[in-house]
Amino acid sequence: MSTASERPLIMVTNDDGVSARGIEALARTASQFGDVIVVAPDSPQSAKSSALTVNAPLYITPHHPCGQAKVYSVNGTPVDCVKLGMYALFSSRRPDLILSGINHGSNAAVNNIYSGTMGAVMEGCILGIPSVGFSLLDHNPEACLDPVLPMVSEVIGRVLSSGLPQGVCLNVNFPAGCLPEGLKVVRAAAGRWTEEYATMSTPSGKPFYWLTGRFQNDEPDNPDTDEYWLSRRCATVVPVRPDQTAADAIDEIKRLFV
């Protein structure tokens, strides 16, 4: 952790790649609070969750700074960026905070499970470092990020000053195309993806399948959920844990094996 005489040290990563507008906006915003080192994939790595690169070499490549932030890319996944960054770039001092995003696209509800953005956040949490993921519900790589940056600053400031509970990280999502009308701390909505593949064929007639799909919200009218408030122009904060143990089901499962 930083001492009273040191500025906080912040790692910034993402899954959209080192050249994405979202990570530039996040790095510049985070630089108001501390010394920032960006360690991001050298190409888009969406939906990689907590995947790691195995049986292949990883390289760290320096880039031009983003404002005051140092910038590096890794030829791997978001989790590779966190793990290798910690090993090679933060070996003498651990970061006080890990930030991921700003992702171009939703990571609300079940998307948290698939998200490379949140995979990096989970890895930071496993390492015991306060970690936050930010996402904007707009897949357009040129989407305007300005309306959400004041709220990004608010979240960063509060987490730096107060920390997070042990084993808990944050999944923050912003509605698209508006100034958020508030911030709600809620849980992820229950739902799933349907109609997940489109069937197509090559010019020679060989069939193939293209990932598509439609998210089905199983509780659209529940104000305890992120999807409910995002649809009402509010930002959402969902506390999540890397530990997926169903502790409340242990006794019931024990009875299966008596």
Side-chain angles (χ1 to χ4, degrees), residues 1-20 22-45 48-103 115-134 152 155-157 159-170 240-243:
M1 297 294 288
S2 60
T3 66
S5 61
E6 291 178 320
R7 278 165 57 84
L9 183 60
I10 303 171
M11 180 194 291
V12 172
T13 188
N14 73 348
D15 73 359
D16 289 319
V18 69
S19 61
I23 198 169
E24 178 182 356
L26 182 56
R28 292 184 183 277
T29 302
S31 293
Q32 302 170 36
F33 296 90
D35 297 327
V36 173
I37 299 179
V38 173
V39 191
D42 64 0
S43 61
Q45 298 287 317
K48 290 299 178 70
S49 188
S50 291
L52 291 169
T53 297
V54 296
N55 300 322
L58 289 173
Y59 302 94
I60 297 177
T61 302
H63 293 256
H64 292 296
C66 175
Q68 298 300 311
K70 297 178 181 179
V71 179
Y72 301 88
S73 67
V74 172
N75 60 318
T77 68
V79 170
D80 287 331
C81 292
V82 174
K83 293 178 78 69
L84 185 57
M86 291 293 295
Y87 175 80
L89 299 173
F90 292 85
S91 58
S92 61
R93 180 184 166 196
R94 283 165 59 90
D96 299 288
L97 182 66
I98 293 178
L99 305 174
S100 187
I102 300 170
N103 187 64
S115 167
T117 301
M118 288 305 298
V121 172
M122 295 287 192
E123 187 65 27
C125 189
I126 290 169
L127 295 172
I129 299 169
S131 301
V132 184
F134 297 97
V152 171
V155 172
I156 293 173
V159 173
L160 275 174
S161 63
S162 300
L164 292 172
Q166 183 68 30
V168 173
C169 50
L170 302 182
V240 295
R241 287 191 174 96
D243 180 2

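The basis for the numbers below is simple: all heavy atoms, side chains too, and nothing from hydrogens, waters or symmetry mates. Model, not experiment: these values are computed from the prediction. In this chain, numbering begins with 1 at the start of the sequence shown.
Here the shortest heavy-atom pairing between K48 and P78 reads CB-CD, 4.3 Å. Annotation for V79 and S49: closest pair CG2-O, 4.0 Å, computed over non-hydrogen atoms. Counting all heavy atoms, side chain and backbone alike, A69 lies closest to S31 at CB-OG, 4.1 Å. Nearest approach of V18 to A40, heavy atoms of both residues: CA-CB, 3.8 Å. When all heavy atoms of M11 and G85 are compared, the pair lying nearest together is CE-C, 4.3 Å. Heavy-atom minimum distance, N75 versus Y59: OD1-N, 2.6 Å.
At distances below 3.5 Å, not a single donor-acceptor pair connects side-chain atoms of D35 with backbone N or O atoms of L9. Side chain of R7 to main chain of V36: no donor-acceptor pair is present (N/O by atom type, distance under 3.5 Å, no hydrogens or angles). A donor-acceptor pair is defined here as one N or O able to donate and one able to accept, closer than 3.5 Å; such a pair exists between the side chain of T77 and the backbone of A51. Proximity of a side-chain donor or acceptor of N14 to a complementary backbone N or O of E24 within less than 3.5 Å is not detected. With D42 contributing its side chain and S73 its backbone, the two residues share no donor-acceptor pair below 3.5 Å. In this structure, the side chain of T13 engages the main chain of V39 through a donor-acceptor pair within 3.5 Å.
The CD1 atom of I129 sits 4.0 Å away from atom CD1 of I98, with the distance rounded to the nearest 0.5 Å. The CD1 atom of I60 sits 9.0 Å away from atom SG of C81, with the distance rounded to the nearest 0.5 Å. Atom OG of residue S100 and atom CD of residue E123 lie 12.0 Å apart, to the nearest 0.5 angstrom. To the nearest 0.5 angstrom, I37 atom CD1 is 9.0 Å from R93 atom CZ. Atom CD of Q166 is separated from atom CZ of R241 by 10.5 Å, given to the nearest 0.5 angstrom. Of the inter-residue distances, the one linking L97 atom CG with S131 atom OG reads 7.0 Å to the nearest 0.5 angstrom.
Within 6.0 Å of CD in Q32 there are more than 12 heavy atoms belonging to other residues, nucleotides or ligands.
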Report task. Report the C-alpha separation of V132 and I156 in whole Å, then their side-chain angles, then the decisive distance to 0.1 Å, and conclude whether the side chain to side chain contact (heavy atoms under 4.5 Å, CB included) test is met. Result -> CA-CA 8 Å; V132 184; I156 293 173; over 6 Å; no
Requested in this report: Carefully, step by step, assess D80 and Q45 under the rule side chain to side chain contact (heavy atoms under 4.5 Å, CB included).
Outcome: CA-CA 11 Å; D80 287 331; Q45 298 287 317; over 6 Å; no
Query raised in the report: Yes or no on side chain to side chain contact (heavy atoms under 4.5 Å, CB included) for T29 and I102, after CA distance, side-chain angles and deciding distance?
Result: CA-CA 11 Å; T29 302; I102 300 170; over 6 Å; no
Query - Worked verdict on V12 versus I23 for side chain to side chain contact (heavy atoms under 4.5 Å, CB included) - result: CA-CA 8 Å; V12 172; I23 198 169; 3.7 Å; yes
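Counting heavy atoms from C-beta on, the side chains of C66 and R28 come closer than 4.5 Å. Counting heavy atoms from C-beta outward, M86 and P95 have side chains that approach closer than 4.5 Å.
Screening T117, L99, L170 against F134 for a side-chain contact (heavy atoms from CB on, under 4.5 Å) leaves a single residue, L99.
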